[in-house]
Protein chains: 2
Amino acid sequence: MAARNKVLPLADLFPNGVFEANCPSRVVLDHVTSKWGVLVLVALDGRTLRWSELRRTVEGVSEKMLAQTLRTLEADGFVLRDAHPVIPPHVEYSLTPTGRELVDLLLPLFRWIVEQAPSIIG
Amino acid sequence: MAARNKVLPLADLFPNGVFEANCPSRVVLDHVTSKWGVLVLVALDGRTLRWSELRRTVEGVSEKMLAQTLRTLEADGFVLRDAHPVIPPHVEYSLTPTGRELVDLLLPLFRWIVEQAPSIIG
DNA sequence: CAGAATCCTATACGATACTG
DNA sequence: CAGTATCGTATAGGATTCTG
């Protein structure tokens, strides 16, 4: 008796697992949902941006936080840092294949929030 | 020449808009991606939970943060608080229709992160 | 049981200045 | 240009206590 292909509640699929304090997913979740994580990732959707472009695109991000966010996302394998050894420096950021998978899941969420936000915040 | 139904990069659909510092979406995004926001929302997927169940389910959340997170999510219209006026108190939390929409978008992301996390953190 | 109130601390975050 | 280093603060967040 094969189970139906019904989508089960997450709680049933991962009894206790994903809500455990030391579940590895919490670390990645924290990185992605960090203050600037989603914005930086979405900003890189479908394009390559230089440091300064990224800084200007994601309004309000400080240099420190942009650097920190990019380092984390690069270490997680979501963002590719491509530094050209020229003077003045030229560094390009883009999504890795894994990063693209992630952003593909992030975009519907982000679009929905953008659409709903005005009526929620008013 | 009607444009193709191609999914355009977000940056093209919302030139500058969504990355503006005062875009309303930032507020909602902050609420959802707050430290415990995603976890609480996902915990309520497909079920109703009492305060204490929620507290035990989402391991590590303090009473203060659970209360704060629930209040925010309720104010945003994602979570329904149903208080039964009995002694001792009995309060149930569940998703509103809007909350269910949100969680439907959150779940694929969360599942993906749960699956990828071990190899990323490892 | 379901929180609110209080207190306290870590650290996330920003502003500024500096550098290869 | 693309960052790093330093410093200072706000506030997010936790532990504890209290209460209807």
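Residue numbers begin at 1 in each chain, while the letters A, B, ... track the order of the sequences. All heavy atoms count here, side chains included; hydrogens, waters and symmetry mates do not.
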For this session: With sequence neighbours left out, write down each residue that passes side-chain hydrogen bond (donor to acceptor under 3.5 Å, both in side chains) with Asp82(B), or none if nothing qualifies.
Result: His84(B)
Exercise. How bent is the helix from dC1(C)-dG20(D) to dG20(C)-dC1(D), comparing axes over its five end pairs at each side, to the nearest 10°?
Worked result: 60°
For this session: Could you identify which residues of residues 71-85 of chain B place a heavy atom less than 4.0 Å from some atom of DNA chain D, listed by residue number, or say none?
Result: none
Seminar exercise, completed: Rounded to the nearest 0.5 Å, the SG atom of Cys23(A) sits from the CD atom of Glu59(B) at a distance of 10.0 Å
Problem set entry | Atom pair CG/OH of Leu70(A) and Tyr93(A) - distance to nearest 0.5 Å | 5.0 Å
Exercise. Quick one: side chain to side chain contact (heavy atoms under 4.5 Å, CB included) partners of Leu41(B), sequence neighbours excluded?
Worked result: Val32(B), Leu73(B), Phe78(B), Val79(B), Leu95(B), Leu102(B), Val103(B), Leu106(B)
Problem set entry | Residue list, side-chain hydrogen bond (donor to acceptor under 3.5 Å, both in side chains) with Trp51(A), at least two apart or on another chain | none
Exercise. Hey, does Leu29(B) have a side-chain heavy atom less than 4.5 Å from the side chain of Leu39(A)?
Worked result: yes
For this session: Quick one: list whatever passes side chain to side chain contact (heavy atoms under 4.5 Å, CB included) with Ala83(B), sequence neighbours left out.
Result: Arg81(B), Val91(B)
For this session: Examine dG3(D): is either OP1 or OP2 under 4.0 Å from a nitrogen or oxygen in the side chain of Tyr93(A)? Give yes or no.
Result: yes
Exercise. Any side chain to side chain donor-acceptor pair (under 3.5 Å) pairs touching residues 62-79 of chain B, not counting sequence neighbours?
Worked result: His31(B)-Asp76(B)
Exercise. Residues in side-chain hydrogen bond (donor to acceptor under 3.5 Å, both in side chains) with Glu53(B), at least two apart?
Worked result: none
Exercise. Do any side-chain nitrogens or oxygens of Arg50(A) fall under 4.0 Å of OP1 or OP2 in dA2(D)?
Worked result: yes
For this session: Would you mind reading off the distance between His31(B) atom NE2 and dG13(D) atom P, rounded to a whole angstrom?
Result: 12 Å
Seminar exercise, completed: 5' to 3', nucleotides 9-20 of chain C under a 4.0 Å protein heavy-atom cut-off (B base, S sugar-phosphate only, - none) gives ----BB--B--B
For this session: Enter the distance from Thr96(B):OG1 to Glu101(B):CD here, rounded to the nearest 0.5 Å.
Result: 8.5 Å
Seminar exercise, completed: Hits for side chain to side chain contact (heavy atoms under 4.5 Å, CB included) against Leu105(B), two or more places apart or cross-chain, chain-then-number order -> Pro108(A), Leu109(A), Trp112(A)
For this session: Enumerate the residues from residues 23-30 of chain A whose closest heavy atom to DNA chain C is under 4.0 Å, giving them by residue number; use none for an empty result.
Result: none
Exercise. Mind checking what makes side-chain hydrogen bond (donor to acceptor under 3.5 Å, both in side chains) contact with Arg50(B), not counting sequence neighbours?
Worked result: His90(B)
For this session: Answer yes or no: is there a side-chain heavy-atom contact under 4.5 Å between Thr57(B) and Arg47(B)?
Result: yes
For this session: Nearest whole angstrom, please: distance from the P of dT4(D) to the CG of Leu66(A).
Result: 10 Å
